[in-house]
Amino acid sequence: MVLADLGKRINTAVNSALSNTQDDYATTVDVMLKTIVTALLESDVNIKLVSKLRTNLRTKLLDAKTGSKSTSNAQTKKLIQKTVFDELCDLVDCKAEQSFQPKKKKTNIIMFVGLQGSGKTTSCTKLAVYYSRRGFKVGLVCADTFRAGAFDQLKQNAIKAHIPFYGSYVETDPVKVAAEGIARFKKEKFEVIIVDTSGRHHQEQALFQEMIEISAVVKPNQTIMVLDASIGQAAEQQSKAFKDSADFGAILLTKMDGHAKGGGAISAVAATNTPIIFIGTGEHIHDLEKFSPKSFISKLLG
Ligand code: GDP
């Protein structure tokens, strides 16, 4: 279940709570909070986060009402909705660090990590196109030597997008390929070098060890973790594991054009204190948008 109907459910809860004239404001707030908490938990948002949100919301809503006993139901409704909206925005508006900006005439290395199928290779190309259109000289490196076909996929994407690329059909050591690709592009004064990595399932320990090794050689200026919007409860554990091994500084949330509203991503942001910087909104190379907490939450609220 996703958060799709949360907005409607909040609205219904507020309306029914307000129509019961017997209830005082605190009871109205509690009834409404129960609905929000249920919806968030059903949407795989972490229980500790939900509990914190509930406490914050309750305090804010009760404080806001103090001293203004004469407000109408419509005003109360507006107040509740705005407070909920702002509080949810705060959950994803991670101010921990400013997002990285590549510098012209410098080598800027960006490394991508994430599980297979999350949309990593597609997103690497999208970001390459994004920076290329902004005047950077961009190259793509395929450091996934694990999955057969990984290099071909990156190559096809890169050719379609007119982005120079580097990879190997014979080398089995991803660290070596990454180092060679970077050396090649550096020599040719590329400004943004994007390194795609493996994302195999089922051998996660080996995968995380590989991320540590590639990271040590690549020395990225920015590491981006790619997260599928439909990830759900696994978001917290998965993002923590990638944070420990690859210490990513940003999240790219893919498949936001689908049914999933990205509830799990809230847990990933909170667990790693790392901002979402871009969202993927389709399979096309231009389907990449800058992340905006407000529109993300608006969509979440339906
Ligand atoms: P990787 O294994 O992590 O490298 O994932 P891929 O880049 O191969 O993507 C897996 C699938 O997800 C492919 O079919 C992509 O076209 C698709 N995909 C990636 N990003 C998006 C997105 O933002 N929206 C949609 N609808 N599909 C996406």
Side-chain angles (χ1 to χ4, degrees), residues 2 4 92 110-131 133 138-161 163 165-169 174 177-178 181 193-204 206-208 210-211 214-215 218 220 222-232 234-235 238-239 241-243 245-246 248 250-265 268 276-292 295-296 299-300:
V2 290
V92 286
I110 303 174
M111 175 171 153
F112 271 68
V113 299
L115 285 190
Q116 193 171 311
S118 57
K120 204 159 15 79
T121 305
T122 309
S123 303
C124 280
T125 317
K126 285 179 181 177
L127 194 66
V129 171
Y130 179 91
Y131 284 129
R133 291 178 102 191
V138 189
L140 279 164
V141 177
C142 175
D144 179 359
T145 55
F146 184 81
R147 184 167 64 89
F151 179 38
D152 271 332
Q153 188 192 347
L154 180 129
K155 190 171 157 180
Q156 278 164 18
N157 286 351
I159 290 172
K160 218 190 280 174
I163 304 288
F165 57 92
Y166 182 88
S168 169
Y169 287 112
V177 182
I193 306 170
I194 298 177
V195 182
D196 191 10
T197 61
S198 171
R200 61 194 139 170
H201 283 284
H202 309 307
Q203 287 173 301
E204 291 193 350
L207 171 65
F208 296 131
E210 187 173 312
M211 293 307 109
I214 296 182
S215 229
V218 163
Q222 185 186 42
T223 300
I224 299 176
M225 183 186 65
V226 176
L227 203 64
D228 185 322
S230 65
I231 180 155
Q238 195 190 104
S239 56
F242 273 114
K243 187 84 179 177
S245 56
F248 60 87
I251 296 170
L252 192 155
L253 193 59
T254 58
K255 308 182 193 179
M256 283 298 285
D257 51 311
H259 292 301
K261 307 272 176 175
I276 302 170
I277 52 164
F278 285 105
I279 56 166
T281 54
E283 295 188 78
H284 192 267
I285 47 172
H286 296 301
D287 294 333
L288 185 75
E289 290 174 17
K290 281 215 147 197
F291 175 75
S292 145
S295 47
F296 178 78
K299 192 178 173 198
L300 209 67

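As the structure lists them, so they are numbered: ligands from 1, and atoms in each ligand from 1.
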Any side-chain heavy-atom pair from [X] and [Y] closer than 4.5 angstrom?
| X | Y | result |
| --- | --- | --- |
| F296 | M256 | yes |
| L252 | L288 | yes |
| D287 | D257 | no |
| S123 | F278 | no |
| F165 | I159 | yes |
| K155 | C142 | no |
| Q222 | I277 | yes |
| L227 | Q238 | yes |

Please say whether S118 places an N or O atom under 3.5 Å from an N or O atom belonging to ligand 1.
-> yes
Ligand-side contact atoms (ligand 1) for residue partner [X], heavy atom cut-off under 4.0 Å:
| X | answer |
| --- | --- |
| T281 | 23 (O) |
| G280 | 23 (O) |
| Q153 | 6 (P), 7 (O), 8 (O) |
| L115 | 3 (O) |
| Q116 | 2 (O) |

Which residue and heavy atom of the protein sit nearest [atom], plus the separation:
| atom | answer |
| --- | --- |
| atom 11 (C) of ligand 1 | K255 NZ, 4.2 Å |
| atom 5 (O) of ligand 1 | G119 N, 3.1 Å |
| atom 24 (N) of ligand 1 | D257 OD1, 2.8 Å |
| atom 3 (O) of ligand 1 | K120 N, 2.7 Å |
| atom 2 (O) of ligand 1 | G117 N, 2.7 Å |

For atom 13 (C) of ligand 1, the option (of K126, E283, H284, E289) bearing the nearest heavy atom | E283
With sequence neighbours left out, write down each residue that passes salt bridge (Lys or Arg N to Asp or Glu O under 4.0 Å) with K126, or none if nothing qualifies.
-> none
With rounding to the nearest 0.5 Å, note down the distance linking NZ in K120 to CZ in F112.
-> 9.5 Å
Ligand 1 contact on T122 by region, counting heavy-atom pairs under 4.0 Å | both
Say whether D287 and ligand 1 are in contact under the criterion: heavy-atom distance to a ligand atom below 4.0 Å.
-> no
Return yes when G282 approaches ligand 1 closer than 4.0 angstrom through a heavy atom, no otherwise.
-> yes
